[in-house]
Every structure is written in structure tokens, then in C-alpha cells.
Amino acid sequence: MSGAALTFTFDGKTYAARPGQTLAAALLDNGVAVVARSFKYHRPRGVMAAGVEEPSALVTVGEGGRAEPNTRATDVFVYQGLVARSQNVWPSLAFDVGAINGLASRLIPAGFYYKTFFGPPRRWMVYERFIRKAAGLGPAPADADPDSFDHRAAFCDVLVVGAGPAGLAAALAATQAGQRVMLVEQDSVPGGALLREDVRIDGVGGPEWAAQAVAQIRAGGGRVLLRATATGYWDGNLVSVVQRLAEPGQVPAAAAPVQRLWKVRCGKVLLATGAIERPLAFGGNDRPGVMLAQAVRAYVRRHGVVPGRRAVVATSNDDGYRTAFALADAGAQVVAVLDSRAAPDSAIVDQARGRFAVLTDARPIDTRARGQRLATVIAQVGGGEQRLAADLLAMSGGFTPVAHLHKQAGGDLAWDAAAQAFVPGTARQAQASIGAAAGGHDLAAILAQGWAAGSGGAPRGFAVDDPLGMGTPAGAAEVPQAARGKAFVDFQNDVTLSDIDLAWREGYRSVEHLKRYTTLGMGTDQGKTGNMAALARLAQAQGVDIPQAGLTTFRPPYTPTTLGAFAGAAVGEHAGPVRRLRLHQAHDDLGAAWQPVGYWFRPRSYPRAGESLGAASLREARMVRQSLGMVDVSTLATFEVSGPDAAALLEMACATTIGRLGVGRGRYTVMLREDGLVMDDGTAWRLAEQRYLLTSSTGGADRMAQHLSWLRNVMAPHLKVSVVNVQEHLGAVALAGPQAARVLAGLTGAEAPAHMRCTRAVLAGVDVLILAASYSGERAFEVYAPGHQLRAVWNALHGAAVAAGGGAYGLDAMDHLRVEKGHVVIGAEVDGRVSAHDIGLGGMLRKSGGFVGWQGQQRLAIATASGRRQLVGLTVIGGQALPEGAMLVTQEGQEPLGHVTTAAPRVAGEGWIGLALLSDGRARDGQELLAWSATRNLRVPVRVCDPVFYDREGARYRD
Amino acid sequence: MTVKGRVIVIELSVHDAADVLALELWDTAGAPAVAQALGFALPPAGRSAGDDQRRAMRFEPTVWLVEGAAIDRAALDAAVADHGAVTPIGGGLVRVRLVGAAWRGLLMHDGVFDAENPAFAPGCTAATVIAHVAVRLNVVAPDRCDALVPASLADGLIARWREVAARVDTPA
Amino acid sequence: MMLIDCPHCGPRAQEEFTYERTRDSVVPLDAAPAAAMATLYARANPRGEEDEIWRHTLGCRGWLELRRHRMTHAIVAVRPLGPAVLP
């Protein structure tokens, strides 16, 4: 450990740390024994582990929007100025009133919360408020996260997860074999197990060998990511990796992202994820000072911290002995080694006997504390008991291979009876587990196995120098027996052995029920240290072997991941794509009020200073009726359909005739779904002998593009036709009003086309297409030009329009105008439940059929059934506005007969009108009903009428 | 505290794509005449042919995008004849030119396509999605990749690319 | 997250594709009304392999039919749909 000392604060107090230390290591180094209070009982907790499996030492790191609650102190590396705080305490960590819960623990065992659901709901609402406050973890920050996150794809032939000895050997081999290699490691330095052991590989110390290996892999073109957790394993050998570019709460350099989510597509995945040590179950096994044995070694060897002066080592296997040696070498006193085995027989045990007091058939059963810290270990030794004074208990209950990603990938687990552990069995995707993750324990064997996995079988030996020797395999896991006091199994959720027994007594037999009844394994640590002990206890109660007791499901993410990492750059204004009009700036210059329409932003009106939106839209609509207006209709779906079979394709999609259009003519048309209901509407124009333009609604544009492509490629691939989506290519401005034809002719030098005819012309030097179609009810022209030339067209039209007493109008005015003409809108009047017959277009349908939906629309229930909701118009009786969406009833409180689909102020007149879908509407002409909105508390009397309120004969089109 | 890194060096320039035409053949018999008019054969899947003055790019099974100032539209229409159709689409596109070796890394952000694969080399094309936007990529040179982007979505994507290209990137 | 082998583009991420419908749900335009509605609303829904129609919407925009195991997502066959194509 080198580099200048760092300072950080914990609960307001400043401490020193060495670079490379985790917060946990630094706190231990500073003698801070208690760092947290447990979830339910508020028991004082210290640091138990050294890695991400830490269940107890949860703190909040960082401030404001950067704060990360429930950060494992073992999974954050100290940086200068780090601010950390304890959680779930009041008034302080040292004196926490919540500890009262512990005194009342008999009343609140596992399942008590579930039991509170029985009984009167009102009572529950009272004590729920207390329960909420009494337990929990850290609160989520209320401020917005100021940091940015990144998403990135990556591809490789081999992804190696874990840069311990197995992973490094595999990545080295694969790199040398010329593969595209990626190696990810959640720690800040490579090495894994090597960081806590005193071993040499090929003559070089473990950590140094690891660093050299990484350098070689990078030199060979491999990609090595540190502080990167492989967090999910998906179909198609896709692995998601969350990489920390900054530590929790750390301010990043110059707006750099703090985390990067990699989506890695792999040829093959090698899982070198190691194994997690199991705690032992005995009374008070959660006291500060009780730690996992491998973790103690990690603190001693890697971080230079000895977390106690008088230590007891309690183990069920050979590996725990290594900790006794590490402690003794570092100057701590090892009071005794408690080995739960009756007659352990291996080289390491023999070495240990020469140095420490080794007690066999010995296990801790209870503990005592002094000032919240461990002080005494009560052990059962053979038939009797011993009390050992110790402030550190290093426990090892066996090892659980980390098989999470293997299981997520669909692999199954096999049971290793000797190790009493689940090991990865058959893999379903192209992956393999190596090293301790596969149940391995011998370093030389692990290195060789890793190399073979990475090289595709080519072998290589490594010279391993391990003073303590490997001995027999890390032995059987300790099956927890009856213990005194609180013997914790799930430390994070405060689940004890007695809770598991209680669940069994209450009839919860399956592991899925056990989990949910006790909340075992449901904390942020997902049961990494607790699940196996619980399973062993359950199997014991069931009278079966552990594998028969079952396992719960492994789900991503492997470690808690902040939501920002999943969102990436798609936050705030960038949460989704935004489609911008070519003329956006032009509208902005005119003071447009903007309206989101799907992904687009469109002008809803151009209010003048002090003008309300409603006043603006009515003014604009009247301007169209009286002189002229222009509106940007570039978002309409447009398709150029060419070829000898163009009309044939259009007649598959459109339910009206198309093929009879002469060149230069257009018509309104409607498109049905296969079930016979209306999908979309639009217009079709014959531009040339074998070239048509189809327009349809903005909102349905992507759907129509998909539909036309479907018809062309899947239903009629033999047709000689080309369908090109030109929605992006063409922009359009609609010019409407009594002055429109004159103004257009003035700009093009040619007569404007007659209603439902199309021509080409030159306007402001741009080659434009003019379609004489009217949405507003006035004589109107849609002027189409390629997007990059649209501005010139708009400028020319606007100049001329203003000179003629007109101007620009927006969506709201457009809506008022079309309501007066009874034009339906897909999404308002046509909502997916409406047939062509319902909106009065039944006569338009092609009798010869052959269009999508021809079979469906024939169904009696759609074509002729009574009671169907039909399009009608409504006039308001009186001066009120008509609430859109209001139900139509004969009397308030009655079953609705229909609803108001669109409401608008009359443009050519006073008062409000609307369009509606009304049961048997066409037969109710003249009937008076009530438009009733219970949610807005409005009731407006209306009269049913024809949906066309203005110029029924269409005279306005023919001036 | 600063994080050591290297800056991705990329020159990003934006151009209009008014010249782009969609050439569709519903009848493969039209290919020889079109090749004659272009001066080179229509490229196969995932490839482009020609140069900045006159180029054809294949992104779709039956459609080639044709671009370049030297393209003679009338000759192309005549060559295509009854075998297909030529439709201008350039008004709906924006051309983004990425120059610098780091273009490959840039395109990996918010994407799902393997732009870092050495096999994706000059003369290769790919249509894919980046940051929710459909993009059509053409590798022109070892350190130049062109992207055709829908006009309405271009601003957002280009802003995102500029942001990614400018900031410090930790060494991979 | 699947990797789909597009006949035109090669293996690409699932995100580039849209699922359209099952092959058995396709209603021929010349089907009689009763048969058409039966096809539209009845599904085989097997717990095994099924033929599905997808589109490479954010790639080459071409259509494909693939046979996918609906439990394991393993894709066992892919073929293009559409007109004759120049190689």
C-alpha cells in the first residue's frame, strides 16, 4: 500500500485511510467496530466479510443526489473526502432507540408482518406507520442524480468473469491463442484469492503475478475492466457488465459518466467467479468482531489491518486454518482453533498443532459482548464447554461456489456431497465455470484448468509455491445445530435459525414458502452468505438431503445496481427519441406553443402577447375561414408506390377502390385491420401512370409503414411494386382558405389544381407537388417539397399569406376546423373499436373485397348489429364548453350510451359543438342528452345532430 | 480527483444528403443495365461500391441507396426501366461523417452492432440502431465512416455523438 | 437479448428486430370469412418450437420466418420472406 494518506468522514468524524483500502478496511484500521444497525432488531453490526457478499456493514456514501444508500462498506474504495453515514439509526449509531425492537423480538419473529394483515384494515393503517419507521435500510436520495451514465456494446470471442487465478490463466491463454478477449473483475485490482494468500506463482508473489498477467493480456489486445461486475446473463450469450468509473458518491472528472453498462455478446463465457464463504450459526454470531475467516486474511494481507488482538478461529474445513497462520504472522494472538470435525487429518492441521491450541469436535455456540463488541466465545468442545476470551472470531462454515451467472444462463446445478455444496452442472449456453466457482481448491490445478479453458484444451503447468500446502479439499459445510440466543442465518434481514424452525412449525414446507415467509435471502445481498445454511436446516427438518430441499431462483442483477446505470443517457429530455420538424425554427420564430405528438413536437398555436391558447386557436381557425391560413403537415405518413402493380398493392391495404383513379386525381380512403375494424385513413393520389402517393395519419405512420411492407413482402412478394416510405423525405405545408387558390397561383404562376386533383409546380425555385385536399373545409392545398427545400417554400407562402391577411395556424385550430366538417381522427373518433359502418363509410368499401379486413367487417356484429356506437354530431344547449371524453347519458348516473370524442368551439358561429360515438346514434337525431363527466363534475346538455356542421354540400371547395 | 484517461479524437461533420436516391429492383433482370449506367455492379449484401462522386450502398434485400454528384438520374431511370423504380429520399436524411480511428468506439455507445470488428472494414455497410435511431453506416476508409441518419432524429443523435466524442474516456 | 441470424445481414441483436406474428395466424386475403376469423383468433401456442414471422425493422427492414423454441428461445431455422433477391 503506497501513496499519500486519504481522509474521509464517517458519521461526521474524520479518519485517515491508505489508498487502495475499502471503507470497511479503513474503518477497521481506525478501530471502528460498529458501523451499522441491523434491519429489524437494530443490533449493532460490524464488518463480517471483505467482498460484495457483506450483509451487515451497510452505509450511505456520498451526499445529495449522489448519495448511494445501502452501500456495502466492503465494496467502496476510499477516495479523498469520502463522506459516509450509518443508516437505520436514531438518534445515533452508538445509541439507537430502535434496539427496543430487539427486546420485543419474541413478538416480532419472522412472519409477524404477514400476520398483521389479519384483522380490521383501519387498525393496520395505524401500526403500519410505526412498522415503516421502525425498520429499514437507507433512504433513497430525494435530489436528482447529477451524474451521467453510459451504455456501450462490446463483442468478444471469450469473456472471462473474474480476475482471480483461474480467470487470469484463462484470459492469458485465450489472448495468446489470438482470440478477442474481455476480462472483467469487480474488485479494484486483479488477483482474487491471491490477494489474501501468501503464495508464489512461477516465482512471483500472487498479487504481482496478477498485475503482470493483466499487463500481458492488454498488450495482447485484450480488454480488461476493473470495478466491473458481470451482473446478468441473458439469451444468446449476452452478459451485462456494470463498470464503476467513479466510486459511490465520488464526483467524476469533468462530466464523465460515473458508471458504464456494457452489453457484451460473447462467443464463449468462462465463469471464474470464485466461492463465497459460509458463516457459522451460533448465538450472537452477528456481533462486531465476528468475521468470515477468508475476510480476516484479506484485511491482514491485502489491507494491512489486523481486526482484533485476541482471535479464535472456528472452522469446519482446512481453509480456516490459513487465517490462524495469517493472524499469528501479523502479530495477533490466536487463542485457539475450533475445528468442528472429530478427527481432522491433513498437513495444514499438523502444522497448526505445532503452533496453536487446536480443539477438535469443537464449535462456538454462544458469545458475550463488552460495549457492543465481541468479548467472549462460548464453545462446545467434545462433551463439555469452554469460555474463551477473544475480540475476534474468524469463522468458516465451508464455501458456496458463485454459480449465479451459470444459473441465469439456464444451467443446472449438481450436488457435491464431499464439499456439501452446489456446483455448476450442465450449461445450456456456450459457457463453462472454472476455479473455485467450479468447486476447485488447489491453486496449481485451478491455474492449469483456467489455462486449458482459455486455450481450448492446450495444457500448461504453473509452478506454485504454497508454504501451507493444500491438504484435503476445503471440507464439509457445517450443518447448523441447535444454538443458544440469536443464531443468525440471514444477517441482513435479521432471520435466525429459530425463524426457520418457526416457519416449518407453521406449515411452510417448500423452500419458496420458507423464503417468502421469513424474507430469508430477500435482502440486497440476495442471501449470498445465508441461503445454504437455511437450506441445510430446511433439509434437516424435511428429513432429506440438501439437493432435495430445492433452491430458489437466481435473478439479475448480481449486486445492487443504481437505476441510472440501466437508464444510461436516456433520462430527462433524452428519455426517448425526439423527432424535430424541419421547420422547427420557423415555428419558434413565430412564437409557437409546442405540443408533443408521439415523438414529434408540433405547434398547437401561435399565441400573440397576452393571448390565451384558446383565444389563439379560435382566432387562427376563423382566419382560415375568412382569408387563409397555413399549417405544417410534414408529419403525415407518406408513401411513394411505384410499378405496374402499384394499384394492386394499394387495393390490398385500402378498403376503397384505388385503381380507377385517373392520373392527376386523388381520393379519400380508409384502411382496415384484419378483424374488420378501422386501422387508419388517408388519401391516395395517382401522380403518374405507375406512381402513386399514399398519405395517412401522423400517429399511425410507423404502423402503416410496417403494414405496407408486410403486404408487399409476406402477402404478395410476387408483385412488381416498390413502396418507399417518404415521410422523412417530404415535408408539407397546407394552405387553406378562400384566398388560398389565388395566393398559390400568384407564387407558382400556374392555376391551382381543382379539388382532389394534383399537379407539380415550381414555388420559390423549388419543385413542389400540390395536392388539392381539404381537411379544414375551405379550399385547400397541401404543398409537398423535399425536406431540405421546405424552408424556402414556407417562407414564400408565409410572406404571401400575411400579405393576404392570413398567417400560420396550429394543431388546435386545425382540430376546430375539422370538427365542423365531421372529419374523424384516428385515435379520437376511431379508437380501434370502430368499424367503417360506424363512421358512415360503409358505402365506400369495395364490394369485390380483396382488402385486408374484408372478411372481418362482414361479420354481423360489426356490419349490422344494433346498439353499435355510431358517429354523430352534438350541439351544446346553452353557453357551456363541451367536455371532451364526457359520457353521454339520458340522466346523470345512468349507463353511458356513448362518449364525446372531440369537442370544439364553433368556428363559423358561436357556442360549442362536438363529435361523439353514440349507441344507435344515427336513429337519435334531434334527441337531447346529457354530456356528463363525473371526474370533472360537469354536466352539459346537448342535442344529437348530423356530424357535418358546415358546408354540407362542399361548395367551399369549388370557388 | 481526476480519472486518468485518453480523449477519443473524432472529427464529426454534418452534411445534407439531398442527392440520395432509393433504387429498388423487383426484377433482378434489371441489374446489368443499372451496372452499365453506374459504372460498377450493384454491390451484394452489406457492401458498397464506388466513391464519393458516385456510390451505391446495399442495406436492404431489394433496395440500393445511390449517392453522389456524378449520378445521372435520367440515365438511372432509363436503366431501371420496368425492372424497378428510383425514388428520391435524400430530403429525409442527414449525412454524418466520422473521421478518426475512434469512430469504431464511438458507434459502440448506445448501440448493439459490432463496429469494433476488424471485418467491418472499408467497403462494408450496416443498417442498425443507435440511441433509438435507425442509422445506415458505410465504412469509406480505415479512419472514416459515414452515417445516414433520419432528418427528424438527427439533432438528438448528433448531440449525443458530440458528447461522447468529446469527453475523457477511461482506457478500455 | 437473442441473437437472430438475419438472412441478409448475419447475426444481429434482437433489439433490431420486431416480432410480427405466428405463421399460423396469417389470414390469406382470399380466405373465406369463417376460415379467416378462425385463423385470426385461434392459436396453436405450443410449449415447444413454432414458426414465427419477424422483421429486421431497424436493420435491413427485410422479413424473415424463424422457428423458435418458445421455452428456451433457441432458434433452429431462419428463412427470408419476400421477393426474389439479387445476391
Side-chain angles (χ1 to χ4, degrees), chain B residues 22-35 38 40-47 49 56-65 80 83-85 89 107-108 110-115 117 119-120 124-137 147-150 153 157, chain C residues 1-31 49-87:
Chain B
L23 189 160
E24 179 154 17
L25 292 178
W26 55 70
D27 173 0
T28 56
V34 174
L38 284 174
F40 47 78
L42 285 171
R47 305 283 312 172
M57 298 175 285
R58 183 89 169 275
F59 295 104
E60 301 181 40
T62 58
V63 179
W64 287 259
L65 295 196
V80 167
H83 305 292
I89 59 164
L107 295 178
M108 302 305 289
D110 307 311
V112 294
F113 174 75
D114 194 2
N117 194 325
F120 189 56
C124 287
T125 63
T128 183
V129 57
I130 295 179
H132 309 291
V133 178
V135 300
R136 284 177 275 205
L137 305 170
L148 287 172
V149 174
L153 291 159
L157 180 61
Chain C
M1 319 290 177
M2 293 189 288
L3 196 61
I4 299 175
D5 200 355
C6 172
H8 188 78
C9 306
R12 292 291 192 92
Q14 180 185 338
E15 286 94 316
E16 294 182 0
F17 296 81
T18 44
Y19 167 83
E20 186 68 18
R21 62 202 293 172
T22 58
R23 169 50 80 182
D24 71 353
S25 76
V26 176
V27 177
L29 270 176
D30 57 4
E49 290 174 7
E50 186 165 37
D51 293 317
E52 304 175 333
I53 299 175
W54 290 64
R55 186 185 187 200
H56 195 186
T57 309
L58 292 169
C60 67
R61 312 210 287 206
W63 291 82
L64 47 139
E65 185 170 311
L66 51 84
R67 192 166 179 77
R68 178 176 71 97
H69 193 289
R70 301 174 72 217
M71 297 292 296
T72 66
H73 301 305
I75 295 171
V76 300
V78 184
R79 70 180 180 100
L81 296 172
V85 170
L86 198 70

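The sequence lines fix the lettering, A, B, ..., with proteins before strands; numbering per chain opens at 1.
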| note | Tightest non-hydrogen contact, residues Leu86(C) and Arg58(B), listed as O-NH2, 2.5 Å
| said: To the closest 0.5 Å, what do you measure between CG (Leu58(C)) and CZ (Phe113(B))? | reply: 14.0 Å
| field | Minimum-distance pair of heavy atoms, taken over all atoms of Thr28(B) and Ala84(C) | value | CG2-O, 4.2 Å
| message | Return the CD to SG distance between Glu60(B) and Cys9(C), rounded to the nearest 0.5 Å. | response | 9.5 Å
| query | Most heavy-atom pairs under 4.5 angstrom with chain C, which of Ala45(B), Ala134(B), Pro44(B), Pro61(B)? | reply | Pro61(B)
| query | If you round to the nearest 0.5 Å, how far is CZ of Arg12(C) from OG1 of Thr128(B)? | reply | 5.5 Å
